[in-house]
Amino acid sequence: MPEKTYDHNQIELKWHERWKDDALYKAEENSSKPKYYVLEMLPYPSGALHIGHIRNYSIGDALARYMWMRGYNVLHPMGWDAFGLPAENAAIANKTPPREWTLANIEKMKRTHRRFAFSYDWDREVTTCEPEYYRWNQWFFLRMLEKGLAYRKQALVNWCRECATVLANEQVVDGCCWRHPAAPVEQRALEQWFLRTTAYAEDLLRDIAQLEGAWPERVLTMQRNWIGRSEGAEVDFEIQGYGPVRVFTTRIDTIYGATCMILAPEHPVVASRLPADLQAQAKQMTDARASQSPAHAEEAEKEGFDTGLKAVNPFSGEIVPVWVGNFVLMGYGTGAIMAVPAHDERDFEFCRKYGIAIRPVVRPVDGELADASTMTESWGDYGMVENSGPYSGMKSEDARREMALRAQAGNFGKPAITYRLKDWGVSRQRYWGTPIPVIHCATDGVVPVPDEDLPVLLPKQIQITGKGRSPLDEVPEFVNVMCPKCGQPARRETDTMDTFVDSSWYFYRYCDSKNSTAPFDTKKIDYWFPIDQYIGGVEHAILHLIYSRFWTKVMRDIGLTRYDEPVRKLFTQGMVIRNGTKMSKSVGNVVPADEVADKFGADTARLFALFAAPPERDVDWIDAGVEGIYRFLGRVYRLATRNTGSAGGDGGADAAVLRKAHQTLKKVTDDFDSRWHFNTSIAAMMELVNQLYAEEPRISAAAMRQAIEILTFLLAPFAPYLAQELWEEQGHSGALIRETWPDFDADLARETEAEIPVQINGKIRTRITVPAGLDAVQLQAAALDDDKVTALLEGRTVVKVIAVPGKLLNVVVK
RNA sequence: GGCGGAAUGGCGGAACUGGCAGACGCACCAGACUCAAAAUCUGGCGAAGUUCACUCUUCGUGAGGGUUCGACCCCCUCUUCCGCCACCA
């Protein structure tokens, strides 16, 4: 009888068809099983499904299947990028209305996904472009508006002339548009909607403690730095003829050393008090900074000019000049600083360049105050405060506290905390995304759309104008509305929301996707949340993963959830690299998932994605390597299909083979339960198969059947189609995934003898074979009894013997 | 500049807690099967030296030092690469 060959297409399509209308492990409501919510965010916002996506799926998918077979009630929906961002990209590329494209895309996804992971059947209706989802995005927005967490203000935004749209900060790469590397991003002042993430800065920072140990330390560090808390004080300097101008400083203890005040070029004082030529100079600085590559910001020469204005130091009463400096940022603190050149590196550089006085006021605890005339650099450490009126002789730490309290008492300042984190600009002038649900009325101002009028949907027919305004502006039936308050003609807001809004709470909606009266039912959330395991690329560390934490806290505060944090454990997987660059649609180096799946099958694609490297590490995609996995699956298939009958070998190798099988089962189980180093799990399976091939004539039919059954289980999380096929070949009819993951048999897995290397002075000289399980004394005795060892020790004095049971033996001789 | 990660054969990687370096796979070489090729199966495969041969010896985990009976693993110094942040007062 000719041997069967592994035909991945036939097998995968067969089970694809059979599983079509059977959600194999759709999560069960009200299950008594322990629950497990595993979710993936896809690695790159880069368009259609590619091999990087497969890698992401493969991890979550294998884990979900494993947990399911371990008896958990598993919820494992699909990551958000697959629906959200590809629509954006395709809409840009194809210039077609996003909604239609997205729906078509979803149809396509459903087909492809079926091949990759049948678990994605869960709630396919949940998509971020669905009208119901818009409704609840808008509902959240209105709640935030009520609580003052959403607001509108004029702000400078990144603008790409080529795209004719505003860009998020993260879409600006080296000062240029991420899609147009040659097009410098411009700054434009536009009315923008913001969400007040800064209101939760303290919360976001504090609750990082809850994530400690369960999230990668790297991600937590990035979030801490991104939030960037600094403790200090605000102080008013009275500008003569203008009024008080507030500065933020972390070193109020050095205030007696402040020899000038420096304003950001965008500071309001500049526009309201300076002559036209100086305003022009300030404008130039702003422009220069806008066009300069952020990568070189620090190397930029410090520039500035004297405004001619004078300010009063509230502590010393000293009158100091007011300057404008290009290194002072309007977006941080108050946009104005007191310059203390003696104790701040940047101030030192600036003041020395422009000949502004330098005055040290802090000395090392056991040292002298520096001499201003000989200083070559600033001294930024804490020490003893000198020449500072009543504060002289205090430690810096004490002076900081005392002076901040003094400022508060005198009503010219206060202790203050500043965050680097900025409010989240959510406005987009785009033709997709959730419309922001407000109406602009000439008499009533900004009027929220009443809840009962939600959702506000995008118009179906949109002309892409490229004119630098939202295309929605050009659609009269969308824009022209009646004011809900006064009934007079009004204009609808045409900004749409950042798609990161969608991704901020989609995982809640997955738990209750058809709810039409609320974003979700809190009781259903209670069962599933927090997410047990979230898997995704590290590039989301300070974007999506901050936004979604923020959103969860807002929902908690409006009573929708009881959780501080949405995700219990986070795993960040490595990127897929090809030809030295990370795979991305914009670079055009993607390996399309469909191609790999067509040629080798989805099982092979997934297995290889996991085999190439441990999941947390970046992996270089080499096409040739896939064939090795394909060969392996073919070997498994042939071995299993030719060993289904009762004919078998003589059984001489049964014990060894069953031992190997159970050791492999233990190894794979351990990998799932701890490290997720699936590359070694798969290698172990290969070893088992290699041994089965080598010993085939000496394995009885029963032992072979047992070994192959174990192998089938081991493959189930990684290669579900093949595993199911083998399950059927073995005479079973049901779904393998519904079987229980087997326990390994410790007795069968135990080695009977061990080969122990014998070292002399740390160098391996020989090996001895001993019964397994000898303790140190027995091992030593066995070694010294060995002929070869005795020969090697001939004529030498044994100083010491180190015996490590089961590992090795080292004889130290003279 | 700050923080974090990494460096092992021709390649991806393994060695889990200080105990046999190179598992497993790719590539390559040889053999079997075949008219032939593909597929498949079997064997070899870090470097240098050595033996007719079974072998054996030395070197070897980015560089240099240290700790230890023993170091890819721990400590110190350095090099290179990658990621994120970066004039944050």
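Naming: A, B, ... by sequence-line order, numbering from 1 per chain.
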### Task
Assert yes or no for the condition that the ring centre distance of A:Phe327 to A:Phe350 is strictly below 6.0 Å.
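Aromatic pair counts; centres sit under 6.0 Å.
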
### Message
Would you say the rings of A:His8 and A:Tyr630 are close, in the sense that their centroids are separated by under 6.0 Å?
### Response
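Centroid distance A:Tyr630-A:His8: below 6.0 Å, so yes.
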
Paired nucleotide for [N] [Watson-Crick or G-U wobble; both distances under 3.5 Å]:
{"N": "B:G60", "value": "none"}
{"N": "B:A86", "value": "none"}
{"N": "B:C24", "value": "B:G12"}
{"N": "B:C74", "value": "B:G66"}

### Query
Are A:Arg229 and A:Glu231 within salt-bridge range, i.e. N to O under 4.0 Å?
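Here A:Arg229 pairs with A:Glu231 in a salt bridge, since their nearest N and O are under 4.0 Å apart.
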
### Message
How many whole angstroms separate atom CG of A:Asn225 from atom P of B:C3?
### Response
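It is 10 Å, rounded to the nearest whole Å.
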
### Whole-Å distance separating the CZ atom of A:Phe348 from the P atom of B:C87
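Those two atoms, CZ and P, are 21 Å apart.
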
### Task
Assign B:G64 to syn or anti; the rule is syn for a glycosidic angle within 90° of 0 and anti otherwise.
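Anti, which is what one calls it when the glycosidic angle falls more than 90° from 0.
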
### Query
Is there a donor and acceptor pair, one atom on the side chain of A:Lys807 and one on the base of B:C20, closer than 3.5 Å?
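Not at all, since no donor on one side and acceptor on the other fall under 3.5 Å apart.
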
### Task
Just call it for A:Asn690: base, sugar-phosphate, or nothing, with non-hydrogen atoms closer than 4.0 Å on any strand.
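Contact class for A:Asn690: sugar-phosphate only.
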
### Query
Base, sugar-phosphate, or nothing: which does A:Arg765 touch, judged by heavy atoms less than 4.0 Å apart?
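Since only primed, P, OP1 and OP2 atoms lie under 4.0 Å of A:Arg765, the category is sugar-phosphate.
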
### Passing option when A:Leu692 is tested against A:Val636, A:Leu639, A:Asn643 for side chain to side chain contact (heavy atoms under 4.5 Å, CB included)
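When A:Val636, A:Leu639, A:Asn643 are each tested with A:Leu692, the side chain to side chain contact (heavy atoms under 4.5 Å, CB included) holds only for A:Leu639.
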
### Message
Whether A:Thr418 contacts B:C88 is assessed here as follows: a side-chain N or O lying under 4.0 Å from the phosphate OP1 or OP2. Is that the case?
### Response
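Looking at the OP1 and OP2 atoms of B:C88, neither is under 4.0 Å from any side-chain N or O of A:Thr418.
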
